[in-house]
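Worth knowing before you read on, the calculation uses all heavy atoms, side chains too, and leaves out hydrogens, waters and symmetry mates.
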Amino acid sequence: MENSLASDMLDPAAKLKISFTVSDRIGGPDVSAAITLSADGLQRLPPDGQLAVNGQIISPKKLQKQGFWYQARVPRAAQYELKIRSSKVAVYTVRVVQSRVFVTHLPQFIDRTTDLRIGFDGPAPGATESLYLRLISVESATAPQGWRLVLKGEVQGNMITISSDQLAAAAVGDAVLHVGLTCRQLASDSEDELVYAVGAEVPLRIRN
């Protein structure tokens, strides 16, 4: 582990806030678990500390600008249990992120003059859940011919509808459609941030 200033370590007297995000890219064998511990900045546990998700120990990583985070790939599961132990900071915390079903049926083609309808399996998004819909050119969005659209969808039953007037801004040709759901789950005894993000992407062709 890298040498660092004492301020890199959690302050025992400070109030700890945990951010725990599980990102599930449908189709892969595992998910990404990302955790930050915030007291006086984004800090790490003391050397005696241990952080694990579903029993898998995760080591701290230094962020590019400042601070630390914990991130690793873990096997897909029905729920993800975060355990934090440290005798020096008097921390023993358990936080659980629940997975949920959100399987989309994505198209191979888009017609810019017709509303796009995307079916999905699972319950409709709830009050603490939000859709993210992106349509992106195959070329980088920073390239002269590149582009990126943030779309809005209307949900009725198990169908998401994206109006054709939004699609009109896309260029004819190859693109990638991203469809996902961000689920914010509340910890009853704290202000910790617990998030499950699930989604998929598909290459497609835009016509007309």
Side-chain angles (χ1 to χ4, degrees), residues 1-100 102 125 128-134 136 140-142 148 150 176 178-201:
M1 188 175 290
E2 298 180 25
N3 293 328
S4 64
L5 298 175
S7 60
D8 287 341
M9 303 290 183
L10 284 169
D11 180 356
K15 182 179 179 181
L16 174 65
K17 182 175 181 180
I18 299 168
S19 176
F20 178 23
T21 299
V22 175
S23 300
D24 187 349
R25 180 67 61 82
I26 293 174
D30 50 23
V31 302
S32 171
I35 304 97
T36 58
L37 309 175
S38 179
D40 181 14
L42 300 180
Q43 297 173 307
R44 57 176 171 163
L45 293 169
D48 80 311
Q50 185 181 94
L51 182 150
V53 173
N54 287 3
Q56 178 176 323
I57 297 173
I58 303 175
S59 299
K61 300 177 181 179
K62 193 166 182 62
L63 292 166
Q64 186 173 9
K65 291 186 177 180
Q66 188 174 10
F68 290 83
W69 73 323
Y70 295 76
Q71 188 277 332
R73 308 294 302 183
V74 300
R76 180 175 283 104
Q79 67 178 27
Y80 303 90
E81 183 180 69
L82 168 67
K83 287 186 178 180
I84 301 171
R85 307 168 185 262
S86 176
S87 59
K88 291 185 178 179
V89 188
V91 171
Y92 179 76
T93 301
V94 175
R95 289 289 178 260
V96 175
V97 168
Q98 301 284 349
S99 65
R100 63 100 82 199
F102 182 72
T128 61
E129 300 177 328
S130 57
L131 284 170
Y132 59 90
L133 305 165
R134 307 284 188 274
I136 305 171
S140 168
T142 59
R148 176 190 300 263
V150 178
V176 178
H178 300 254
V179 180
L181 188 69
T182 298
C183 315
R184 302 190 180 280
Q185 304 171 9
L186 302 178
S188 59
D189 59 344
S190 74
E191 297 180 355
D192 294 342
E193 297 178 352
L194 308 177
V195 177
Y196 177 69
V198 57
E201 63 182 51

Side-chain contact test, heavy atoms from C-beta onward, threshold under 4.5 Å: evaluate it for Val22 versus Val97 and give yes or no. yes
What I'd like to find out is whether the side chain of Phe102 reaches to under 4.5 Å of the side chain of Leu131, using heavy atoms alone. yes
Run the side chain to side chain contact (heavy atoms under 4.5 Å, CB included) test on Thr128 and Cys183 for me, step by step, so that the C-alpha distance in whole Å, both residues' side-chain angles and the decisive distance to 0.1 Å come before the verdict. CA-CA 6 Å; Thr128 61; Cys183 315; 6.0 Å; no
Side chain to side chain contact (heavy atoms under 4.5 Å, CB included) between Val53 and Ile35: does it pass, once the steps are laid out? CA-CA 10 Å; Val53 173; Ile35 304 97; 3.9 Å; yes
Derivation of the side chain to side chain contact (heavy atoms under 4.5 Å, CB included) call for Leu37 and Ile18: CA-CA 5 Å; Leu37 309 175; Ile18 299 168; 4.0 Å; yes
Can you check whether Leu42 reaches Gln66 side chain to side chain, under 4.5 Å on heavy atoms? no
Assess Arg44 against Phe68: is NZ or CZ under 6.0 Å from the centre of the six-membered ring, and within 45 degrees of the ring's axis? yes
Atom OG1 of Thr36 and atom CD of Gln43: how far apart are they, to the nearest 0.5 Å? 11.0 Å
Result of checking Arg95, Lys15, Arg184 against Asp192 for salt bridge (charged side-chain N to carboxylate O under 4.0 Å, His left out): Arg95
Would you mind reporting whether Arg76 and Asp30 have side-chain heavy atoms less than 4.5 Å apart? no
Full working for side chain to side chain contact (heavy atoms under 4.5 Å, CB included) between Lys83 and Gln50: CA-CA 8 Å; Lys83 287 186 178 180; Gln50 185 181 94; over 6 Å; no
Considering only heavy atoms from C-beta outward, does the side chain of Met9 approach that of Leu45 to under 4.5 Å? no
